[in-house]
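Okay, structure first, notes after.
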Amino acid sequence: MFDDALISAARVTKAWPFQEAQRLAKRFDGAKATKDGKVEPVLFETGYGPSGLPHIGTFQEVLRTTLVRRAYEIVASEGGAPAATRLVAFSDDMDGLRKVPDNVPNKDLLESHLGKPLTRIPDPFGTHESFAHHNNARLREFLDRFGFDYEFVSASDRYNSGAFDEALKQVLRKYDDIQDIMLPTLREERRRTYSPVLPISPKSGIVLQVPVEVIDPEAGLVRFEDDGEMVDQSILGGRAKLQWKVDWAMRWYALGVDYEMCGKDLTDSVTQSGRIVNVLGGRKPEGMIYELFLDANGEKISKSKGNGLSIEEWLTYGSEESLGHYIYANPKSAKQLHVGVIPRAVDEYWQFRTAIPSQDWDKRLGNPAWNLLHAMGNDDGAGDSLPVTYGLLLNLVAVLGADATHQQVWSYLGNYMHDADPDDHPDLYRLVEKALAYNRDFVAPTLKKRAPTANEAAALRDLDAYLASVPADTSAEDLQTEVYEIGKKEEHGFENLRDWFKALYQTLLGSDQGPRMGSFIALYGITNSRKLIAEALERA
């Protein structure tokens with residue numbers, strides 16, 4: 001049950017999931033009525049093409065849709081109870097295979113079945129009844145791994161079982177109207193062969209791209225040429241599928257989809273499919289068009305190029321929550337997706353998560369961590385914090401070197417924490433593993449400690465003298481204060497504190513950026529920090 005303050009805030013907040021939910025709520029009053037007057041849940045949908053394996057785009061679409069779904073349940077709440085909703089993960093597995101993916105075995109097997117529906121092609125992995133069934137299983141494992149609440153729907157199941165038959169008849173009834181929408185959007189050559197309906201050849205089993213004549217809409221009967229022969233065939237019961245934009249509209253119509261978002265590359269499809277669903281007698285869903293990910297060079301991510309970042313790569317170096325945090329922010333702005341964004345995303349997520357209990361509902365509803373926890377049913381995690389930041393962990397591991405171990409890291413964490421037991425800090429334990437991997441693959445190969453200049457060396461000697469005079473358990477704040485004071489001394493000649501800290505990072509850590517030095521010294525230990533200073537002074 002939601003309290004009144006939460007519901008009131010949800011209906012006016014500017015946080016993007018709630019703005020989407022507010023717009024959706026205007027579509028109907030909390031719930032929608034079916035033709036017989038019964039009320040059913042509001043339907044959210046995400047789509048997936050199983051010609052390839054699930055990827056980060058699949059994750060972000062399901063996550064963002066789930067965020068809007070959970071926001072809607074609050075916005076449209078009645079009496080504090082969540083509004084009824086469903087999320088369908090739809091697999092377009094009736095689609096014909098256009099080309100053989102690069103990342104599969106037994107490519108010759110797939111090559112011999114090009115053009116056939118994905119569920120009628122053997123599985124090159126040899127584990128499932130078809131290529132689509134294999135990829136669908138991977139999709140469901142993928143979504144289950146992250147704890148999404150969804151219903152899986154297969155296009156082939158719907159086509160083959162006849163569940164789409166009535167909608168397919170409606171497509172034939174409105175065939176000319178659909179052509180009037182689609183033909184002006186096509187090149188002249190394509191217009192001559194375009195048909196909203198793609199019959200499946202009774203000879204070859206291939207999804208045919210041929211002109212179609214409607215013979216009898218009520219029987220689903222069409223006429224087309226197949227290998228030089230004119231064929232009269234029903235499109236019902238899995239003997240045809242629809243062109244993409246028509247198929248999308250038919251799906252909205254048949255399932256009664258109320259909300260579906262998509263990437264910017266499908267903007268034209270949304271427009272045309274929206275017009276087609278209206279012609280069919282349905283209603284275009286509400287939805288958001290989001291921007292696409294870019295690689296480190298600002299280029300659009302392409303599966304065929306292999307640029308960008310995979311889910312597996314992100315989760316090697318960062319947490320699931322940090323990926324969700326990165327995806328949450330500014331969905332209508334393009335963002336770069338590469339390993340360099342991971343550390344900041346990890347720390348920002350935990351900053352937001354720690355702040356949740358101190359925020360009123362207005363601030364909390366705009367907090368990415370609260371949205372992510374609520375969306376996945378983990379509200380109990382609000383307010384949790386990490387004893388050290390991921391950035392500080394990376395700095396520690398960088399000093400320890402590429403061969404650093406879990407045990408070494410936890411021994412140093414004992415300088416900073418009273419209870420440095422991995423069993424008591426499972427989130428930190430997982431981040432230590434990721435920090436070790438990140439350092440090994442990206443930090444250690446790039447580190448190069450330079451020699452300090454004369455004035456920098458004098459400041460380092462000053463810092464060393466201070467560290468020699470204080471107890472081993474001096475607090476990070478006291479250490480940080482003294483680091484500041486040394487950097488401000490006129491005799492050391494720093495124009496600003498930024499130059500002093502940059503000198504510390506470059507001479508002691510071998511990087512241009514780094515942590516709060518007081519925190520680092522407390523974590524690494526005063527004795528070990530003095531050794532770093534001594535090594536730097538030897539290079540002077």
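The structure displayed is predicted, hence computed values, not measured ones. One is the number of the first residue; the rest follow in order along the sequence.
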Task: Test ring pair (Phe, Tyr, Trp, His ring centres under 6.0 Å) applied to Tyr390 - qualifying residues, sequence neighbours left out - done: none
- [ ] Please identify each residue that fulfils ring pair (Phe, Tyr, Trp, His ring centres under 6.0 Å) with Phe494, with sequence neighbours left out.
- [x] Trp500
Open item on the list: What's the separation between atom CG in Asp421 and atom NE2 in His425, rounded to the nearest 0.5 Å?
Closed with: 7.5 Å
Any chance the side chains of [X] and [Y] put a donor and an acceptor closer than 3.5 Å?
X: Asp4; Y: Ser8; value: no
X: Tyr259; Y: Glu20; value: yes
X: Tyr290; Y: Glu61; value: yes
X: Trp244; Y: Ser269; value: yes

TODO: Measure from the ring center of Tyr484 to the ring center of Phe501 and say whether it is less than 6.0 Å.
DONE: yes
TODO: Decide if the gap between the ring center of Phe146 and the ring center of Phe142 is smaller than 6.0 angstrom.
DONE: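 Ring centres of Phe142 and Phe146 closer than 6.0 Å.
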Check this for me: does any side-chain nitrogen of one of [X] and [Y] sit under 4.0 Å from a carboxylate oxygen of the other?
X: Arg430; Y: Glu321; value: no
X: Arg516; Y: Glu477; value: yes
X: Glu535; Y: Arg539; value: no

- [ ] Report the C-alpha distance between Arg69 and Glu73 in whole Å, list the side-chain angles of each, state the deciding distance to 0.1 Å, and finish with yes or no for salt bridge (Lys or Arg N to Asp or Glu O under 4.0 Å).
- [x] CA-CA 6 Å; Arg69 177 190 181 188; Glu73 291 171 348; 3.7 Å; yes
For the residue pair [X] and [Y], does the interplanar ring angle fall in the parallel (under 30°), tilted (30 to 60°) or perpendicular (over 60°) class?
X: Phe352; Y: His325; result: tilted
X: Trp370; Y: Trp361; result: perpendicular
X: Tyr524; Y: Phe520; result: parallel

- [ ] Tell me, please, which residues at least two apart from Asp478 pass side chain to side chain donor-acceptor pair (under 3.5 Å).
- [x]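 Partners of Asp478 by the side chain to side chain donor-acceptor pair (under 3.5 Å) criterion, ordered by chain and then number, come out as Ser475.
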Open item on the list: Tell me whether Lys264 at atom NZ has more than 12 heavy atoms from other residues, nucleotides or ligands lying less than 6.0 Å away.
Closed with: no
Task: Residues, nucleotides or ligands: over 12 heavy atoms within 6.0 Å of Lys449 NZ - done: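 Yes, NZ of Lys449 has more than 12 neighbouring heavy atoms, counting only those of other groups under 6.0 Å.
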